[in-house]
Asks: 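Before I ask anything, here is the structure I am working with.
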Amino acid sequence: MQTDYIYPRYEVERRESRCSGCGLCVKECSYGVHYFSKDGRTLLSDDSKCVNCQRCVATCPTHAIKIVKSNCDFRENYNWSGDSIREIMKQAGSGGVLLSSMGNPQPFPVYWDRLLLNASQVTNPPIDPLREPMETRVFLGKKPSEIARDKHGRLICDLPPRLSLELPVLFSAMSYGSISYNAHAALAAAATALGTCYNTGEGGLHENFYRYGANTIVQVASGRFGVHKDYHEAGAAIEIKMGQGAKPGIGGHLPGSKIVGDVSRTRMIPEGSDAISPAPHHDIYSIEDLRQLVFSLKEATEYKKPVIVKIAAVHNIAAIASGIARSGADVIAIDGFRGGTGAAPTRIRDNVGIPVELALAAVDTRLRDEGIRNDVSLVVGGSIRNSTDVVKAIALGADACYIATAALIAMGCHMCRNCQSGKCNWGIATQNPDLVRRLDPEEGARRLVNLLTAWKHEIMEIMGGMGINSIEALRGNRLMLRGIGLTEKELNVLGVAHAGE
Amino acid sequence: MIVLNARATDNAALNEKVRATREDCEIVGCIGERFIGAGLSDKTISIKGIPGNALGAYLNGAKIFVDGNAQDAVGDTMNEGEIVVRGNAGDAPGYAMRGGKIYIKGNAGYRAGIHMKEYRGKSPVIIIGGRCGSFLGEYQAGGLIVVLGLNKDGKRIVGNFPCAGMHGGKVLLRGRADGVVFPDKVTARTATMDELDCAKPYIEEFCRIFGMDAGEILSSPFTLVTPDSSNPYKRMYVEN
């Protein structure tokens with residue numbers, strides 16, 4: 001019906017003076033935007049299929065292509081934005097739940113950008129990280145509250161299991177299935193080279209990646225896909241996924257069309273069958289039940305692996321985290337409402353949960369007040385975009401940060417936010433072998449290592465400027481932060497003073 | 001076979017003893033010790049008393065016999081092996097189990113066989129001699145669940161919402177499942193003799209273990225429940 005026609009969001013501009021007619025764009029576009037005219041002489045484009053992933057722009061040998069935002073839009077209306085109108089049209093036409101990818105794009109406040117960092121002047125000296133030792137290593141897990149000695153006075157060093165990371169950044173959970181084999185290979189190799197960890201997500205661990213086990217966090221979620229004894233033992237830590245920032249309270253659903261070949265083998269389910277992760281773990285209705293899953297995993301791995309519990313940042317996060325800290329978990333991972341996803345209902349992604357900055361501050365404060373902060377480590381994710389976000393998170397109270405969207409961008413993602421289609425032209429969020437081949441795992445790993453090596457240098461430089469020479473001394477050091485343009489209430493929750501105070 | 005007394009020990013110490021020996025174990029005096037046999041792939045464990053939650057979680061080939069009742073989450077995410085319970089079991093037995101067998105002589109609680117799966121050579125089986133609670137086989141993705149309903153108290157064989165979200169595997173309920181309401185996306189009908197054949201060896205084994213008459217049990221009609229689709233939510237979404 002004509003009322004359903006939506007003018008394309010993006011238009012392809014091909015500069016004829018530069019275009020050599022080589023047709024590479026036709027080959028490169030999995031969405032089928034570019035095509036030759038019937039006589040094979042002219043390159044044409046179907047703008048309606050374009051998702052603005054920039055693949056043709058980046059690969060065109062003569063740089064002849066430009067994707068521009070269409071200026072054909074509805075009559076301006078502050079209340080009824082173009083997106084609001086288009087979404088109603090889509091739902092009226094299909095009766096479907098709106099499905100989106102990647103993190104919340106709505107203009108909510110980004111508190112990282114409202115926090116400023118301190119530096120030393122006169123009364124304490126800055127440190128030069130290029131010439132003086134600077135410790136970026138962190139240990140995740142329980143910290144002992146007292147020192148024990150044997151009868152000869154020697155220290156008893158039976159510490160609880162921990163993860164040792166060379167820098168306070170880990171790659172967060174993305175399942176094999178939501179992203180490609182090559183993307184996983186790049187993450188695994190980069191984590192190993194960097195001395196940090198990547199995370200399997202709820203998709204099992206491919207047999208080829210068991211060798212990266214010392215740098216792998218294996219995830220157990222409500223669907224328990226690919227979870228078995230060898231899987232537990234392969235990882236350096238086990239993460240129980242209770243929730244995800246992009247879709248708190250919502251389960252996962254990998255459609256049967258993506259359960260092919262190796263993905264089916266790794267998840268240990270038949271090809272073509274939907275992989276449904278229920279919203280709840282049906283054996284967890286309380287902190288006591290969570291404790292049971294934590295300890296069943298510890299028993300199954302003989303108490304050798306730290307257990308992480310990952311939750312989405314929701315309203316009552318501080319009380320929930322306090323419960324988790326008492327459940328026996330070693331690490332709490334908090335995922336903020338801007339965290340990415342391979343697919344989530346748009347309404348949930350854009351409206352449920354709270355910013356991770358506020359959640360982190362509330363949790364750290366609560367755990368300190370209750371005297372249990374050292375019983376757990378805190379890892380936060382949900383849109384950590386750069387090294388200063390990491391430094392600010394640590395100063396707010398985190399032990400380390402999870403990154404995923406930033407890692408995907410390092411591997412080539414151009415944030416077109418169309419992962420749910422499975423047609424990712426950058427070989428990341430796809431299982432199509434021809435597309436997966438576009439991502440060279442070695443090159444991907446090299447770029448990930450580059451990114452985090454650069455961040456590490458920046459983190460050292462910022463810490464040095466503050467006169468701090470270890471992450472340990474920065475953690476929870478909110479005196480290093482000042483708010484800018486924030487209300488009294490926001491400053492209270494964040495536990496920081498305003499700039500100038 | 002070694003005998004372990006559960007009385008003077010806690011969960012972790014008891015499990016450590018079970019892991020440490022190469023022999024089969026008999027655990028006596030069991031009163032709620034959790035996680036017994038978690039992840040074990042070898043040996044046979046006999047339990048006198050009532051083991052606690054998550055008995056045989058992630059079981060990987062070991063055999064567990066319980067001479068009494070079991071509690072919640074028996075055989076959670078079990079991969080292979082066998083769990084036999086000579087009494088009742090609590091909620092969620094066989095959660096996400098992928099292989100092996102769980103035989104419960106008495107009743108089971110809510111969410112028995114929830115999210116059970118199957119994969120290649122592995123296809124798990126749960127047989128419940130009595131009745132079970134609501135949400136039997138919720139999200140079931142594979143394997144076989146049999147409920148025999150051998151109680152004589154006239155109560156319904158399963159609670160409410162059986163097979164909700166089922167997208168694989170089979171459920172067999174002995175009798176005509178009178179009064180049971182099934183969701184839209186599954187089909188329930190009387191099983192043919194051929195369809196019953198796949199369950200027959202397991203029911204016979206169940207009867208041998210518990211000293212029941214398989215012939216009599218199998219002479220009753222069975223209701224077979226199967227999903228209409230392995231992709232139940234395909235049409236629910238529109239890309240935005």
Side-chain angles (χ1 to χ4, degrees), chain A residues 83 86-87 90-91 93-101 220 222-233 251 253 255-257 259 264-265 267-270 272-278 281-283 285 289 292-293 295-303 343 345-347 417-418 420-421, chain B residues 11-12 14-16 18-19 34-41 52-61 72-73 76-80 91-92 95-99 110-111 114-115 117-120 122 135 138-139 141-142 165 167-169 227 229-240:
Chain A
D83 280 341
R86 274 184 288 271
E87 285 167 355
K90 279 180 194 170
Q91 291 194 295
S94 68
V97 170
L98 296 167
L99 195 69
S100 292
S101 309
V220 173
S222 61
R224 306 280 206 273
F225 296 113
V227 175
H228 61 114
K229 176 105 174 131
D230 297 345
Y231 174 76
H232 291 148
E233 287 182 351
H253 175 203
S257 55
I259 311 288
S264 140
R265 270 207 334 209
R267 292 195 176 218
M268 303 171 101
I269 51 170
S273 170
D274 282 9
I276 299 170
S277 296
H281 286 250
H282 276 292
D283 51 354
Y285 295 173
D289 290 347
Q292 181 176 304
L293 185 59
F295 277 92
S296 81
L297 291 166
K298 284 180 179 258
E299 281 290 349
T301 51
E302 302 177 30
Y303 294 86
T346 310
R347 297 294 174 236
R417 310 203 303 261
N418 225 48
Q420 79 277 357
S421 71
Chain B
N11 299 327
L14 178 63
N15 284 310
E16 179 53 44
V18 172
R19 273 197 300 269
R34 293 179 172 184
F35 321 119
I36 294 176
L40 271 196
S41 49
N53 292 349
L55 170 74
Y58 321 105
L59 201 69
N60 203 24
D72 295 345
D76 181 354
T77 322
M78 177 170 164
N79 195 47
E80 214 175 316
D91 293 340
Y95 180 172
M97 122 191 229
R98 185 184 304 114
Y110 275 31
R111 299 203 146 95
I114 177 173
H115 220 317
K117 324 176 153 59
E118 64 188 27
Y119 175 67
R120 291 202 169 170
K122 291 188 191 299
F135 297 104
E138 190 183 18
Y139 304 102
H167 54 291
S229 161
S230 57
N231 312 104
Y233 304 115
K234 205 173 177 179
R235 290 165 195 279
M236 216 177 96
Y237 298 103
V238 57
E239 289 191 9
N240 186 25

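Residue numbering restarts at 1 for every chain, and letters A, B, ... go by the order of the sequence lines.
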Asks: Working to the nearest 0.5 angstrom, can you tell me the gap between B:Ile36 CD1 and A:Ser296 OG?
Replies: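 Between B:Ile36 CD1 and A:Ser296 OG, I get 13.5 Å after rounding to 0.5 Å.
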Asks: Could you tell me which non-hydrogen atom of B:Tyr95 sits nearest to which non-hydrogen atom of A:Asp283, and how far apart they are?
Replies: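 In this case the closest contact between B:Tyr95 and A:Asp283 is CE1-OD1, 3.3 Å.
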Asks: Run the side chain to side chain contact (heavy atoms under 4.5 Å, CB included) check on B:Val238 and A:Leu98 step by step: do they pass?
Replies: CA-CA 5 Å; B:Val238 57; A:Leu98 296 167; 3.8 Å; yes
Asks: Does any backbone or side-chain atom of A:Glu233 lie under 4.5 Å from a heavy atom of chain B? Answer side chain, backbone, both or neither.
Replies: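 Looking at A:Glu233, nothing touches chain B.
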Asks: Determine the minimum heavy-atom distance between B:Tyr119 and A:Pro270, stating which atoms define it.
Replies: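 Scanning both residues, the minimum pair turns out to be CD1-N, 4.3 Å.
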Asks: What part of B:Ala73 lies closer than 4.5 angstrom to a heavy atom of chain A: side chain, backbone, both or neither?
Replies: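 The answer is the side chain of B:Ala73.
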Asks: Quick one: do A:His232 and B:Tyr58 satisfy side chain to side chain contact (heavy atoms under 4.5 Å, CB included)? Show the steps, please.
Replies: CA-CA 10 Å; A:His232 291 148; B:Tyr58 321 105; 3.4 Å; yes
Asks: Step by step, would you call B:Lys117 with A:Met268 a side chain to side chain contact (heavy atoms under 4.5 Å, CB included)?
Replies: CA-CA 9 Å; B:Lys117 324 176 153 59; A:Met268 303 171 101; over 6 Å; no
Asks: Hey, which of A:Ser222, A:Ser277, A:Pro278 is the one that makes side chain to side chain contact (heavy atoms under 4.5 Å, CB included) with B:His115?
Replies: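 Testing B:His115 for a side chain to side chain contact (heavy atoms under 4.5 Å, CB included) against A:Ser222, A:Ser277, A:Pro278 leaves exactly one candidate, A:Pro278.
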Asks: Mind checking whether A:His282 and B:Phe135 have side chains closer than 4.5 Å, heavy atoms only?
Replies: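 With C-beta onward as the side chain, the pair stays apart.
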Asks: Below 4.5 Å, heavy atoms only, C-beta onward: do A:Arg265 and B:Arg120 meet side chain to side chain?
Replies: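 Heavy-atom side-chain distance check passes, below 4.5 Å.
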Asks: Look at A:Lys229 together with B:Glu80 and state whether they make a salt bridge at an N to O cut-off of under 4.0 Å.
Replies: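 No, this pair does not count.
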Asks: Answer yes or no on whether A:Lys298 is positioned over the face of B:Phe35, meaning its NZ or CZ is under 6.0 Å from the six-membered ring centre and within 45° of the axis.
Replies: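 That pair does not qualify as a cation-pi contact.
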Asks: Provide the closest heavy-atom pair for B:Arg111 versus A:Tyr285 in the form atom of the first, atom of the second, distance.
Replies: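 That would be NH1-OH, 2.6 Å.
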Asks: With chain A as the partner, which of B:Ile114, B:Asn79, B:Asn11, B:Thr77 has the greatest number of non-hydrogen pairs under 4.5 Å?
Replies: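 The residue among B:Ile114, B:Asn79, B:Asn11, B:Thr77 with the greatest pair count is B:Thr77.
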Asks: So which residue, A:Val227, A:Thr346, A:Asp289, ends up with the most heavy-atom pairs under 4.5 Å with chain B?
Replies: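 Counting heavy-atom pairs under 4.5 Å, the top option is A:Val227.
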Asks: Please classify the contact between A:Ser421 and chain B as side chain, backbone, both or neither, with a heavy-atom cut-off of under 4.5 Å.
Replies: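 Interface part for A:Ser421: both.
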Asks: Looking at every heavy atom in both A:Gly223 and B:Ala96, which two are closest together, and how far apart are they?
Replies: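 Looks like O-CB, 4.4 Å.
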Asks: Report the C-alpha distance between A:Leu293 and B:Asp76 in whole Å, list the side-chain angles of each, state the deciding distance to 0.1 Å, and finish with yes or no for side chain to side chain contact (heavy atoms under 4.5 Å, CB included).
Replies: CA-CA 10 Å; A:Leu293 185 59; B:Asp76 181 354; 4.3 Å; yes
Asks: Within the distance-only criterion (no hydrogens, no angle test), does the side chain of B:Arg19 pair as donor or acceptor with the backbone N or O of A:Glu299 below 3.5 angstrom?
Replies: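 Present.
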Asks: Given a strict heavy-atom distance threshold of 4.5 Å, which part of B:Glu138 is in contact with chain A: side chain, backbone, both, or neither?
Replies: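 Side chain only.
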Asks: Side chain from CB out, backbone as N, CA, C, O: work out which of these in B:Asn60 comes under 4.5 Å of a heavy atom of chain A, or both, or neither.
Replies: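 Looking at B:Asn60, just its side chain touches chain A.
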Asks: Look up atom OG in A:Ser94 and atom CD in B:Glu239, then write down how far apart they are to the nearest 0.5 Å.
Replies: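 Here the rounded value is 11.0 Å.
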Asks: When only pairs under 4.5 Å are counted, which of A:Gln420, A:His228, A:Arg267 shares the most heavy-atom pairs with chain B?
Replies: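 Most heavy-atom pairs within the cutoff with chain B belong to A:Gln420.
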Asks: Please state whether the side chain, the backbone, both or neither of A:Phe295 comes within less than 4.5 Å of a heavy atom of chain B.
Replies: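 Both backbone and side chain of A:Phe295 come within 4.5 Å of chain B.
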Asks: Between B:His167, B:Glu16, B:Arg34, who has the most heavy-atom pairs with chain A when the cutoff is under 4.5 Å?
Replies: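 So the answer, after comparing B:His167, B:Glu16, B:Arg34, is B:His167.
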